[in-house]
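Report on the following structure.
Order of listing sets the numbers, starting from 1, for every ligand and every atom in it.
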Amino acid sequence: MNKIRIAILASGTGSNAEALMKKAQSLNSVEVTFVLSDKVGAGVLEKALNLSVRHFVVTKQSDRREHEQRVLNLLREYRIDWVFLAGYMRLLSLEFLQTFNGWHGGNSQVVNIHPSLLPAYPGVDSIRRAFEDGVEESGVTLHLVDEGMDTGPQLMQSRLPLEAGESLADWSVRFHKLEHQTYTQFLELVALGQIPTSPFEET
Ligand code: GRF
């Protein structure tokens, strides 16, 4: 049976990407076919290298459409089934999503993980902003990607209460652990077919 083919798009350190790559390597029915970053020298690239995962850099172009076209070309060339965003600091356009999802019977197969209980705290610095607001809890949301900023339909959510006296740094560590758990759990559900995959098919 063909493996389910996943591309991870990431701009930064890549701790989520690393957790996903390791999990995929322990499962028979999925593979991380490649990692793509828009940033030269991003930590995620070294993590991919260390795990022998193919990796590409597609840097920012003056024209957003041209950048997205280059990314789409790779997704098509490698017949990618799912795109997992993991700290990818770019919004995807509706045209991009329609093209990719069009290769999968129109189903949404682009997902993202975000460190807040969306719709609260979309965008950057979500953990710090929640902490500075003095919230009692926040959490992690896994969601389908639309063209908005962290606005797509939610798939999984896990809560993370702030413990008494806990520092922002300690809470952040627990956030990242929870993100890795949530994202790898989702990957496992995809691998087991409990979340169905529409395979890549060019129309
Ligand atoms: C994570 O907190 C993720 O939820 C957010 O960006 C961060 C990326 O961290 N979208 P890493 O590069 O996976 O370590």
Side-chain angles (χ1 to χ4, degrees), residues 6-25 30 32 34-51 53-60 71 82-93 96-97 108-133 135 137-162 166-188 190:
I6 291 163
I8 300 175
L9 273 51
S11 304
T13 323
S15 70
N16 280 283
E18 184 178 44
L20 289 167
M21 287 186 280
K22 285 185 175 165
K23 185 69 181 183
Q25 289 177 347
V30 288
V32 175
F34 66 77
V35 163
L36 183 149
S37 180
D38 56 335
K39 296 268 187 291
V40 178
V44 68
L45 297 167
E46 201 184 332
K47 291 188 168 69
L49 178 70
N50 291 339
L51 289 165
V53 172
R54 191 185 286 110
H55 45 285
F56 300 107
V57 178
V58 179
T59 52
K60 185 172 187 287
V71 178
W82 285 87
V83 171
F84 282 35
L85 304 184
Y88 190 59
M89 301 303 282
R90 305 177 66 86
L91 291 180
L92 299 174
S93 70
F96 178 102
L97 293 164
S108 290
Q109 287 187 182
V110 182
V111 290
N112 183 42
I113 189 109
H114 184 78
S116 76
L117 295 175
L118 291 171
Y121 302 107
V124 295
D125 278 340
S126 314
I127 307 174
R128 185 184 54 74
R129 286 186 288 132
F131 184 85
E132 287 175 357
D133 282 351
V135 299
E137 67 166 10
S138 182
V140 163
T141 306
L142 200 145
H143 65 95
L144 294 173
V145 171
D146 66 12
E147 70 280 19
M149 171 90 78
D150 303 318
T151 47
Q154 295 174 16
L155 300 176
M156 294 166 89
Q157 217 165 35
S158 317
R159 312 185 90 80
L160 191 63
L162 179 67
E166 189 172 22
S167 68
L168 174 59
D170 288 347
W171 202 34
S172 300
V173 169
R174 293 203 297 126
F175 255 98
H176 294 307
K177 258 193 210 151
L178 185 61
E179 286 191 313
H180 303 164
Q181 276 168 15
T182 307
Y183 227 172
T184 54
Q185 190 191 341
F186 178 78
L187 177 64
E188 194 162 12
V190 170

Between H55 and S37, is there a side-chain donor-acceptor contact under 3.5 Å, judged purely by atom types and distance?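 No, H55 and S37 have no side-chain donor paired with an acceptor closer than 3.5 Å.
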
Does any donor atom in the side chain of Q157 or T141 lie under 3.5 Å from an acceptor atom in the other side chain?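 Judged by distance alone, the side chains do pair up.
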
If hydrogens are left out, which of G12, A10, S15, G87 has an atom nearest to atom 11 (P) of ligand 1, that is, the closest non-hydrogen atom?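 It is S15 that holds the nearest heavy atom.
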
What is the ring orientation for W171 with F131, classed by angle as parallel under 30°, tilted 30 to 60°, or perpendicular over 60°?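 Taking F131 first and then W171, their aromatic rings sit tilted (interplane angle of 30° to 60°).
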
Give the residue and atom name of whichever protein heavy atom lies nearest to [atom], and the separation in Å to one decimal.
atom	answer
atom 9 (O) of ligand 1	N16 ND2, 3.9 Å
atom 1 (C) of ligand 1	E179 OE1, 3.2 Å
atom 12 (O) of ligand 1	G14 N, 2.7 Å
atom 10 (N) of ligand 1	I113 O, 3.3 Å

Looking at H176, which atoms of ligand 1 are within less than 4.0 Å of one of its heavy atoms?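 Listed by number with element: 2 (O).
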
Atom indices of ligand 1, in the order listed, that fall short of 4.0 Å to a heavy atom of T13: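 This gives 12 (O), 14 (O) as the contact atoms.
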
Taking all atoms of both residues into account, what is the closest heavy-atom pair of N16 and E179, and its distance?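 In this case the closest contact between N16 and E179 is ND2-OE1, 3.2 Å.
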
Taking all non-hydrogen atoms of both residues into account, name the closest pair between S138 and P115 and its distance.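 That would be OG-O, 4.3 Å.
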
Is the shortest distance from a heavy atom of E18 to ligand 1 less than 4.0 Å?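 False for this residue.
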
Please examine the side chains of F186 and I113, heavy atoms only from C-beta on, and report whether any two atoms are closer than 4.5 Å.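 No. Closest side-chain heavy atoms not under 4.5 Å.
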
